[in-house]
Structures are given as structure tokens and as C-alpha cells.
Amino acid sequence: MERVATMQLTINGEMRELSWAPDVAAMVAELGLDARKVAVERNLEIVPRSLYAATQLADGDRIEIVHFIGGG
Amino acid sequence: MNAPVSPSAEIASDDAWTVAGRTFRSRLIVGTGKYKDYAQNAAAAEAAGAEMVTVALRRVNLSDPSQPMLADFVKPERFTYLPNTAGCFTGEEAVRTLRLAREAGGWDLVKLEVLSDAKTLYPDMEETLRALKMLVAEGFQVMVYCSDDPVYARKLEEAGAAAIMPLGSLIGSGLGILNPLTIRLIVEQAKVPVVVDAGVGTASDAAAAMELGCDAVLMNTAIAEAKDPIRMARAMKHAVIAGREAYLAGRMPRKLYADPSSPLAGLI
């Protein structure tokens, strides 16, 4: 993974500072999530699951990670 | 002596209904909100005999990714998940939510609800219709929560709704079907399934919905907030079957005066 000085991501509304620039697959793994059970949106665009490893994150990205919960 | 119940008293096994090309034998769709925990939720869905459950889409909890997940209890292999847009107040929010749901689940059958205000959760029909058109253009199969207005129901159908889902009364109110006339008008004109969604409080409400000719009933709070949710789920299962059977059987006409059931001839 490419080394960068520092980068900021907003994940589910929380600001996160990272010293490296992950792709989506690495981010999901780093957060301890099962990629098969979530959906990811990057800057309001869906990231298809098949493209997680190929989608490099960039400084300032706004990420949403969602899953199914109980609801009526 | 009364005769034993004949096998024909069981509901006809071929009485299935189809929405967006998927066929279901259960006419009871249950929600997965408001339960004590996911285990109780799963037990209630089983007791209800449900084949389809509604689910919500929310942010994952990043501080505790190991918390229990719905899919580990109410398994998507067993129940068809119907992702909803609960909490959405604009068409754009609803479309964004369902795009994510499609990616998370890998299926395109969804429930659209666009609400107007937090106090009534009454559907905003203008916004609902606009969102429906966006979703249909993106290839979604959309079951639409709506008011019990036959005119809007027709517009939704014309815009490509996979099912029309009018409220019986407000979400979570348990007031039953307040306007059976409009539900009946919607049923008569619709060529897609009609599902009463919201308002059912107890078993007789579910039976009433089915007696009006609805294809199915969707409920959450009536089961989840009963004192014994599992038992109420079972009651709802029977009520939906009873209502459906009564509808198919064709009820007797209403009469103003009495009509004796025992013959008058041979009276002593």
C-alpha cells in the first residue's frame, strides 16, 4: 500500500485519520467487518463488492458502511 | 354429534400469491423491528409462518462490529428480505437507501415508503410516486407503502409498482382498518397484489384485511408489542388464513331481519 503523510476519511459520520491509503477491501477488513454482509458508499456512489480491492480511497473521502437490521 | 373436520377444511395448497415473479404461500409478511432481541424475532417469524420479512438498512456500529446481526438469526436463506426505506422523508433519501440495500443483499425486490412527518408517519404520496418512478427506471421491483387513496393507488400501479400497500391506520397505532371501503376500492381496481401494511392491532384486524380481498397483510408492532409475541404471531397466521378462506368462500348477504336456521315445518 502506498505510504502517504496523513489522510482523513469520514466513515459513517466519524472523522478518521490514517497514515496510509487503503483500498475499500482493506478498510472493511481493518474495521473488522464481513464484506459479504455490508454495502459501501463512497462520496455518494455505491462501490460494488467486486470492486472493493480495486477502489483506492483518497483524502477527504466520505464513506458510508451499512447493513441490514430489524425494521418494520 | 358433530362431524370431524374434513381435509377440505385445510386451506387449498395451491392458493399462492405472486409478487414481482416470486411466489409465496404465506400471506403474512412480518417486520423485524421492536423485538426484545433477534432470537425472539426469529421465533415470531417462524410462528407466523412468514416467508417474507421487512428489514431496515442502517450504518454499521464501528465501535462494536461483533454485535449480533439480524442475518445470523432471521436467515436470508429462509426468509425473503424486503428492505424498506423507513425513516426516509424524500425521494432521494429513499432511492439512495435502496441502492445500498440492493448492493448489501443482492436482490431488487424492495419496499418503498416516503414519510411526511414524524408524528403520523403518514406517507407523502407525491414524493412516494416520484421516488417510485426513479426506482422503476433503475430496475427495482417496488412494493409501495401508500395512503388508502384509490386514485394514488392507481397512479402507483400505472408507474410500475409491483404491489400496492395501503395503510389500515397509522404505523404502530394498532387501530385496525379504519376505512374498509377505500381498501376494497383499491383491491377491486388493482391488477397487482394489494397488501394492507400498517395499522393491524390484533388478529381480527388481519382477518378483516383478508376478507376485503387483499392478497396479504404486513405487520410488525401487533406481534412485537403483544405481551406474548410468539403466541400473537401464531394467532395472526390463523387469522390471515381464516380471512382468506372466508373471502374465497364468499360471505352471506347482510339482512335487516332474522331468518330462522331451523325449519318451521313440523313444529310441535
Side-chain angles (χ1 to χ4, degrees), chain A residues 1-2 4 6-72, chain B residues 29-35 37-38 40-42 45 53-74 76 81-87 92 96-106 111 113 121 145 171-172 197-198 218-224:
Chain A
M1 262 160 266
E2 182 196 349
V4 292
T6 181
M7 64 178 257
Q8 285 188 338
L9 296 178
T10 304
I11 307 177
N12 289 359
E14 292 174 24
M15 189 80 85
R16 301 227 166 186
E17 290 238 0
L18 299 179
S19 59
W20 53 296
D23 56 49
V24 171
M27 173 190 68
V28 169
E30 176 74 19
L31 292 167
L33 301 170
D34 183 344
R36 293 165 303 173
K37 292 178 179 171
V38 300
V40 177
E41 193 191 69
R42 178 192 179 211
N43 301 326
L44 301 176
E45 296 275 344
I46 299 275
V47 182
R49 198 166 288 143
S50 58
L51 296 181
Y52 282 5
T55 305
Q56 198 71 26
L57 297 176
D59 189 36
D61 276 356
R62 301 184 64 83
I63 306 295
E64 292 288 341
I65 309 176
V66 298
H67 66 159
F68 291 124
I69 64 156
Chain B
I29 305 169
V30 296
T32 56
K34 298 181 178 172
Y35 287 93
D37 52 39
Y38 283 148
Q40 185 192 57
N41 192 333
V53 298
T54 61
V55 297
L57 193 85
R58 293 291 182 270
R59 285 172 165 170
V60 297
N61 183 344
L62 295 175
S63 56
D64 181 15
S66 65
Q67 66 184 338
M69 291 186 81
L70 176 71
D72 295 331
F73 293 85
V74 182
Y81 271 22
L82 184 64
N84 70 22
T85 60
E92 279 71 19
R96 183 184 176 201
T97 299
L98 292 177
R99 282 180 186 147
L100 280 163
R102 176 158 67 178
E103 184 59 28
K111 170 182 166 180
E113 55 184 295
L121 300 178
Y145 174 63
I171 292 172
D197 178 2
L218 197 166
M219 65 181 73
N220 188 345
T221 314
I223 296 174

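Proteins get letters first, then strands, A, B, ... in listed order; numbering begins at 1 in each. Keep in mind it's a predicted model, so treat the numbers as computed, not measured.
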Nearest-0.5 Å distance, OG1 of residue B:T32 to CD1 of residue A:I69: 8.0 Å
Applying a strict 4.5 Å limit to non-hydrogen atoms, the region of B:D72 in contact with chain A is side chain
Would A:E64 and B:R96 count as a side chain to side chain contact (heavy atoms under 4.5 Å, CB included) here? Give the steps. CA-CA 11 Å; A:E64 292 288 341; B:R96 183 184 176 201; 3.6 Å; yes
How far does CG of B:L62 sit from CD1 of A:I63, to the nearest 0.5 angstrom? 11.5 Å
Quick one: CG on A:N12 to OG on B:S63, what's the gap to the nearest 0.5 Å? 10.5 Å
For B:Y35, is it the side chain, the backbone, both, or neither that has a heavy atom closer than 4.5 Å to a heavy atom of chain A? neither
So what's closer than 4.5 Å to chain A heavy atoms on B:M219: side chain, backbone, both or neither? neither
At a heavy-atom distance under 4.5 Å, which candidate from B:V74, B:L100, B:V55, B:N220 has the highest pair count against chain A? B:L100
Does B:Q67, at its CD atom, have more than 12 non-hydrogen atoms belonging to other residues, nucleotides or ligands within less than 6.0 Å? yes
Whatever's closer than 4.5 Å to a heavy atom in chain A on B:A224 counts as neither
Check each atom of A:L31 against the heavy atoms of chain B and say whether the ones under 4.5 Å are side chain, backbone, both or neither. both
Side chain B:E103, main chain A:R49, donor-acceptor under 3.5 Å: yes
From A:F68 atom CZ to B:R58 atom CZ, the distance as rounded to the nearest 0.5 Å: 11.5 Å
Give the member of B:A56, B:G31, B:G87 that has the highest number of heavy-atom pairs under 4.5 Å with chain A. B:A56
Chain A contact via B:Y81 - which portion, at a heavy-atom distance below 4.5 Å: side chain
Counting heavy-atom pairs closer than 4.5 Å to chain A, which one of B:L218, B:T54, B:L82 comes out on top? B:T54
Counting heavy-atom pairs closer than 4.5 Å to chain A, which one of B:R102, B:K34, B:R59, B:M69 comes out on top? B:R59
At a heavy-atom separation under 4.5 Å, does B:K111 approach chain A through its side chain, its backbone, both, or neither? side chain
What closest approach, in Å, do B:V60 and A:V66 show between heavy atoms, and which atom pair accounts for it? CG1-C, 3.9 Å
